[in-house]
Amino acid sequence: MACAPAGEPDVADSDDPDAGSAQGGADEPAQSGGSGGERALDAGALGGQGQAGKGGGGGDTKLDAALSTDASGGQPAAAGACKALFCEDFEAADTINTKVWTVRNDNGNSVTLDKGMVAHGQRSAKFHAAANSRLSMIFAKLTPLAVRQHLWGRAYFYVTPEPPEGHTAFVTAGTMDGYSNSDDHQEIAGYQNSWQLGFWGNGEIISAGGKIPLKRWACIEWEMNNEVGNMTVYVDGAKSHAGAGYGKNKIASGFTDVAFGFRSWHPANYVVDIWMDDIAISDQRVGCL
């Protein structure tokens with residue numbers, strides 16, 4: 001995977017990032033979706049632990065595009081609930097909901113819910129990566145066709161002390177059964193404190209630029225367009241970097257899985273902690289809270 005410094009030209013099937021950019025799509029967000037607990041992506045998806053908003057009780061729920069229903073009372077979700085196709089604010093319980101998420105860790109790593117470090121509400125997800133480790137992530141299946149080829153996402157993001165200087169992914173979407181290096185996916189990653197947007201398909205294409213916000217909560221948004229092979233990342237509402245995969249790296253089955261956390265191909269010799277909160281995925285830009 002990528003391990004060269006930013007600023008080199010895009011080269012297919014290589015590890016060299018580049019600072020070139022390509023417009024990924026519309027820059028204006030739709031109306032910002034509020035935080036609303038875990039939301040299943042369609043009537044066939046696994047039920048999450050839904051809630052009307054932060055601090056409210058929910059219980060197990062299944063949701064479709066027409067109506068958000070609280071299983072405890074059968075009432076529609078209140079105003080301000082998640083307006084995206086999928087939301088996760090980690091408020092419904094003290095542990096990761098394994099009905100929705102699959103947790104994968106190297107030995108010594110962990111994914112926990114943290115009440116001491118939050119962007120909003122009472123909890124966030126903490127991804128703890130020990131020195132010289134590679135993986136601490138949560139994975140979920142994406143079922144709706146609406147995001148299979150063109151996906152927008154948002155998460156509140158905090159990393160300390162800094163990302164490893166080598167290639168480290170924070171958000172991935174694609175086909176990741178087992179998450180080997182050969183899986184087809186797009187990723188929002190970092191390299192030497194710069195964003196590195198990666199397209200994995202028929203080989204690898206990467207594009208680096210912009211700055212990763214360090215040691216503070218930031219709203220990060222991303223657009224992944226499998227139809228044209230473009231990707232864009234935003235920080236606190238402003239475009240930070242865009243890159244193109246040139247169509248060669250189109251994912252054959254589209255975005256069937258999504259993952260969040262820490263995945264490094266060049267592990268650091270120091271501990272890295274990443275927090276994420278208020279995750280949202282939709283077929284249009286969600287915006288920051």
Residues 128-137 side chain polar contacts: donor-acceptor under 3.5 Å, at least two apart:
| unit_1 | atom_1 | unit_2 | atom_2 | d |
| --- | --- | --- | --- | --- |
| His128 | ND1 | Asp273 | OD1 | 2.7 |
| Ser133 | OG | Asn109 | OD1 | 3.2 |
| Ser133 | OG | Asn109 | ND2 | 3.1 |
| Ser133 | OG | Ala130 | N | 3.3 |
| Ser133 | OG | Ala130 | O | 2.6 |
| Arg134 | NH1 | Trp265 | O | 3.0 |
| Ser136 | OG | Asn105 | OD1 | 2.8 |
| Ser136 | OG | Ser110 | O | 3.1 |

### Message
Ile212 vs Phe157, test: side-chain contact (heavy atoms from CB on, under 4.5 Å). Steps then yes/no.
### Response
CA-CA 10 Å; Ile212 298 172; Phe157 172 86; 3.8 Å; yes
### Query
Asp114: what forms a side chain to side chain contact (heavy atoms under 4.5 Å, CB included) with it, not counting sequence neighbours?
Met117, Ser124, Lys126, Trp275
### Query
side-chain contact (heavy atoms from CB on, under 4.5 Å) between Leu151 and Leu142: does it pass, once the steps are laid out?
CA-CA 10 Å; Leu151 177 153; Leu142 296 176; 3.7 Å; yes
### Query
How many angstroms lie between CE in Met231 and CH2 in Trp222, if you round to the nearest 0.5 Å?
12.0 Å
### Task
Would you mind reporting whether Ile274 and Val159 have side-chain heavy atoms less than 4.5 Å apart?
yes
### Message
I'd like to know if the side chain of Asn226 reaches the main chain of Ile251, judged simply by a donor and an acceptor atom lying under 3.5 Å from each other, with no hydrogens or angles considered.
### Response
yes
### Considering all heavy atoms, the nearest Ala155-Ile279 contact
CB-CG1, 4.0 Å
### Test log, rule side-chain hydrogen bond (donor to acceptor under 3.5 Å, both in side chains), inputs Trp101 and Glu88
CA-CA 10 Å; Trp101 300 103; Glu88 170 65 279; 2.7 Å; yes
### Message
Quick check for you: to the nearest 0.5 Å, what is the distance between Leu113 atom CG and Ile96 atom CD1?
### Response
4.0 Å
### Cys288 and Tyr156, any side-chain heavy atoms less than 4.5 Å apart
yes
### Task
May I ask you to test the Ile206-Leu197 pair for a side-chain heavy-atom distance under 4.5 Å?
no
### Query
Do the side chains of Val103 and Phe260 join up, straight or via other hydrophobic residues, at under 4.5 Å, putting them in one cluster?
yes
#### Entry: Derivation and outcome, side-chain contact (heavy atoms from CB on, under 4.5 Å), residues Ile220 and Phe170
CA-CA 11 Å; Ile220 62 170; Phe170 310 116; 5.8 Å; no
### Message
Test side-chain contact (heavy atoms from CB on, under 4.5 Å) on Met224 and Val258; report intermediate values, then the result.
### Response
CA-CA 12 Å; Met224 296 175 172; Val258 65; over 6 Å; no
### Query
Heavy atoms, side chains only, cut-off 4.5 Å: are Asp94 and Arg123 in contact?
yes
### Message
Hydrophobic clusters here meaning ILVMFWY residues chained together by side-chain heavy-atom distances under 4.5 Å, can you tell me if Phe127 and Val118 are in one?
### Response
no
### Query
Side chains of Thr172 and Trp200: does their closest heavy-atom pair fall under 4.5 Å?
no
#### Entry: Thr175 side chain vs Asp184 backbone, donor-acceptor pair below 3.5 Å
yes
### Message
So which atom in Tyr158 and which in Lys215 form the shortest heavy-atom distance, rounded to 0.1 Å?
### Response
OH-O, 3.2 Å
### Task
Give the minimum heavy-atom separation between Gly237 and Tyr234, together with the two atoms involved.
O-CD2, 4.3 Å
### Message
For the CD atom of Glu204 and the NE2 atom of His185, what is their distance to the nearest 0.5 Å?
### Response
8.0 Å
### Query
When rounded to the nearest 0.5 angstrom, what distance separates CD in Gln196 from NE2 in His167?
5.0 Å
### Query
So which heavy atom on Met276 is nearest to which on Gly261, and how close?
CE-N, 3.8 Å
### Message
Donor-acceptor pair, distance only, cut-off 3.5 Å: does the side chain of Asp278 make one with the backbone of Asp89?
### Response
no
### Task
With sequence neighbours left out, write down each residue that passes side chain to side chain contact (heavy atoms under 4.5 Å, CB included) with Asn107, or none if nothing qualifies.
none
### Query
Any disulfide bond (SG atoms under 2.5 Å apart) pairs touching residues 108-158, not counting sequence neighbours?
none
### Query
Under a 4.5 Å cut-off applied to non-hydrogen side-chain atoms, are Lys250 and Gln149 in contact?
yes
### Task
Give a yes or no on whether the backbone of Gly166 and the side-chain of Thr168 come within a donor-acceptor separation of less than 3.5 Å.
yes
#### Entry: Heavy-atom pair with the smallest gap, counting every atom of Ala242 and Thr232
CB-OG1, 3.7 Å
### Query
In chain order, what residues pass the salt bridge (Lys or Arg N to Asp or Glu O under 4.0 Å) check against Lys211, with sequence neighbours excluded?
none
### Message
Donor-acceptor check, side chain of Asp283 to backbone of Ala146, threshold 3.5 angstrom: yes or no?
### Response
no
### Query
Among all residues two or more places apart in sequence or in another chain, which pass the side chain to side chain contact (heavy atoms under 4.5 Å, CB included) test with Ala268?
Pro164, Tyr270
### Message
Taking Gln122's backbone N and O only, do any of them form a donor-acceptor pair with Glu91's side chain (distance below 3.5 Å, no angle check)?
### Response
yes
### From CZ (Arg148) to CZ (Phe255), nearest 0.5 Å
10.5 Å
#### Entry: Common cluster, Phe262/Val271, ILVMFWY with side-chain heavy-atom separation under 4.5 Å
no
### Task
Mind checking the NE2-OG spacing from His150 to Ser282? Nearest 0.5 Å is all I need.
10.5 Å
### Message
Donor-acceptor check, side chain of Asn193 to backbone of Glu162, threshold 3.5 angstrom: yes or no?
### Response
no
